[in-house]
**Q** 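Got a structure for you, questions after.
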Protein chains: 2
Amino acid sequence: MPALQGARERARAEVTSAIKEEARRRLAEEGAAKLSLRAVARELGMVSSALYRYFPSRDDLLTALIIDAYNSLGEAAERARTTAPAGHPVARWLAVCRAIRAWARAHPHEYALIYGSPVPGYQAPQDTTAPASRTALALLAVLQEAGEEGLLAEPPASAPAVAQDVERLLERLDIELSVSATAAFAAAWAQLFGLVSFELFGQYDGVIEARDEFFDQAAAGLARAIGLRVHDAPAA
Amino acid sequence: MPALQGARERARAEVTSAIKEEARRRLAEEGAAKLSLRAVARELGMVSSALYRYFPSRDDLLTALIIDAYNSLGEAAERARTTAPAGHPVARWLAVCRAIRAWARAHPHEYALIYGSPVPGYQAPQDTTAPASRTALALLAVLQEAGEEGLLAEPPASAPAVAQDVERLLERLDIELSVSATAAFAAAWAQLFGLVSFELFGQYDGVIEARDEFFDQAAAGLARAIGLRVHDAPAA
DNA sequence: TCAAAAGCAAGAGCAGTGCTCTCGTTTTTG
DNA sequence: CAAAAACGAGAGCACTGCTCTTGCTTTTGA
């Protein structure tokens with residue numbers, strides 16, 4: 001697979017990314033529901049039928065945007081983890097959580113695209129699962145580090161069926177982590193996005209206004225639920 | 001305000017609910033994105049322009065469906081609370097949580113309509129806030145009972161800004177509950193719907209398959225995070 | 001080298017959408 | 001019982017996703 005061999009392939013790649021760029025711009029302005037292929041084509045100075053050479057349907061364009069959004073969020077999460085000061089794992093956990101929330105607030109429509117109601121058919125295409133897991137893996141990496149440092153307490157044991165799911169998952173991902181901690185994480189993972197979604201989708205309007213402080217203490221609570229402990233703070 | 005005084009008003013009410021009924025049917029089948037006024041009118045044997053006498057726009061129809069969905073879910077939550085055996089508050093908490101999840105699984109598109117990405121403009125109309133709070137109030141009622149029974153431990157204290165929000169909320173709702181417990185609940189509330197959304201929107205596909213057991217233990221974890229304790233189970 | 005094949009932009013066109021306006025008809029109101 | 005309001009039907013506008021055909025350009029392979 002040569003890198004952009006012919007002039008035609010290069011042109012195609014450029015047009016493809018120009019379409020995605022313009023679509024992302026319109027998505028950010030008006031939301032996924034109002035994203036129209038014709039408007040994108042019009043803005044790019046091409047006729048609408050030409051766009052179908054690059055994306056066979058509107059849903060395919062949306063799927064491409066979904067994948068990009070997952071990757072963008074995953075990248076932000078990974079960056080937050082690696083650039084966070086190597087202090088307590090709890091601090092790194094909080095840093096990644098904050099990065100996720102910050103990304104969501106900066107890209108509300110893209111966030112809605114990936115964590116709101118599934119817009120196309122009903123189930124996400126297979127191509128989206130890998131990018132979608134990046135964010136979760138960044139969070140899991142924090143836990144793994146904490147486990148290696150011995151800063152991970154053991155949460156309550158899981159039901160056998162859940163434990164089986166989690167064991168299969170740990171094996172597939174090749175991760176060293178206790179079953180109960182991973183099960184607790186799977187819950188915290190969804191709960192974290194519940195917090196972000198509620199804030200972004202207006203469920204907290206008129207209820208909680210101190211958003212930053214509230215999120216921070218909720219994220220700290222999630223860390224506690226998973227078993228993350230600050231080892232030199234025995235008092236509470 | 002007389003109850004359905006003239007024949008015309010009665011007819012109007014009937015047509016209005018027939019429209020909503022048909023719209024709900026199509027919503028359940030194809031989702032909000034594909035819900036079309038014309039199709040609803042066609043199915044009802046009326047011409048599309050006539051429908052505008054009852055709902056001034058598509059978004060208004062959707063808003064009506066949103067309000068109905070909030071009420072339907074809220075009713076399910078309230079019913080679960082009141083019909084649950086008067087055992088431990090933790091059991092009542094779990095019963096309400098289960099009822100919420102069951103409703104969501106039974107009405108996925110309606111759930112997506114209210115807890116997925118906001119479909120119309122961007123912010124929910126004012127009329128939706130009251131029905132939207134019913135579900136949260138049902139959960140809060142469980143906590144209040146637990147507090148009266150002395151089965152509510154004190155979660156970690158909140159940041160001052162959050163405490164202020166919560167105090168204002170408690171005053172407005174006229175509820176007797178500690179500030180820290182209410183703050184913890186506000187987080188658990190969003191986290192609960194995060195769990196449901198992840199399951200419904202396919203985020204758990206291939207990850208967690210033992211959905212019932214997983215949800216139950218996650219909901220129990222939320223109860224723990226709020227401070228709900230089973231008083232005659234001191235061991236852990 | 002040069003014809004065949006493939007990729008491409010453009011346009012016309014189809015079925016469908018939300019929404020508006022007009023025009024008779026019916027029902028309610030004062 | 002006349003004026004006013006509400007209503008259903010139809011035509012029409014601007015828009016959408018998508019398909020098909022028509023020429024042109026680039027790439028391919030013998």
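Keep in mind that what you see is a predicted model, and the values were worked out from it rather than measured. Naming convention: chains lettered A, B, ... in sequence-line order (proteins, then strands); numbering from 1 in each chain.
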**Q** Once each nucleotide of nucleotides 5-15 of chain D is scored for protein heavy atoms under 4.0 Å, what B/S/- sequence comes out, 5' to 3'?
**A** -BBBBB-B---
**Q** Quick one: Arg10(B) CZ to dT27(C) P, roughly how many Å, whole number?
**A**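 Taking CZ of Arg10(B) and P of dT27(C), I get 13 Å after rounding.
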**Q** What orientation do Phe198(A) and Tyr115(B) show, parallel under 30°, tilted 30 to 60°, or perpendicular over 60°?
**A**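 Because their plane-to-plane angle is under 30°, the rings of Phe198(A) and Tyr115(B) count as parallel.
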**Q** What nucleic acid atoms does Leu61(A) come within less than 4.0 Å of, heavy atoms only: base, sugar-phosphate, or nothing?
**A**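 Here Leu61(A) touches no strand at all.
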**Q** Rounded to whole Å, how long is the line connecting atom CG of Leu35(A) with atom P of dT16(D)?
**A**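 Spelled out: CG on Leu35(A) to P on dT16(D) is 11 Å.
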**Q** Would you say the side-chain atoms of Glu110(A) and Ser72(A) include a donor-acceptor pair closer than 3.5 Å?
**A**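 Glu110(A) vs Ser72(A): no donor-acceptor pair found between side chains.
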**Q** Specify the separation, in whole Å, of atom OH of Tyr52(A) and atom P of dG13(C).
**A**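 Between P of dG13(C) and OH of Tyr52(A): 18 Å.
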**Q** Leu37(B) CG to dG18(C) P: how many Å, rounded?
**A**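 One finds 5 Å between P of dG18(C) and CG of Leu37(B), rounded.
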**Q** Checking side chain to side chain contact (heavy atoms under 4.5 Å, CB included) between Ile67(B) and each of Leu62(B), Ile114(B), Asp127(B), which is the one that passes?
**A**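 Looking at Leu62(B), Ile114(B), Asp127(B), the match for Ile67(B) under the side chain to side chain contact (heavy atoms under 4.5 Å, CB included) is Asp127(B).
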**Q** For Pro56(A) and for Ala39(A), locate the closest nucleotide of DNA chain D by heavy-atom distance; then report the residue assigned to the nucleotide nearer the 5' terminus.
**A**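 First, find each residue's nearest nucleotide; the 5'-ward one identifies Ala39(A).
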**Q** Measure from CZ on Phe55(A) to C1' on dC8(C) and round the result to the nearest Å.
**A**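 Nearest whole value for this atom pair: 16 Å.
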**Q** Taking only residues two or more places apart in sequence or in another chain, which ones pass side-chain contact (heavy atoms from CB on, under 4.5 Å) with Ala84(B)?
**A**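 Arg92(B), Ala95(B).
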**Q** Quick one: salt bridge (charged side-chain N to carboxylate O under 4.0 Å, His left out) partners of Arg168(A), sequence neighbours excluded?
**A**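 Applying salt bridge (charged side-chain N to carboxylate O under 4.0 Å, His left out) to Arg168(A) gives Asp165(A).
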**Q** What's the CG-P distance between Asp60(A) and dT19(D), to the nearest Å?
**A**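 Those two atoms, CG and P, are 11 Å apart.
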**Q** Are the charged groups of Arg25(B) and Glu43(B) less than 4.0 angstrom apart, N to O?
**A**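 Between Glu43(B) and Arg25(B) there is no salt bridge, as every charged N stays at least 4.0 Å from the carboxylate O atoms.
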**Q** For the pair made of CZ in Arg26(A) and C1' in dG17(D), what is the distance, rounded to whole Å?
**A**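 Nearest whole value for this atom pair: 15 Å.
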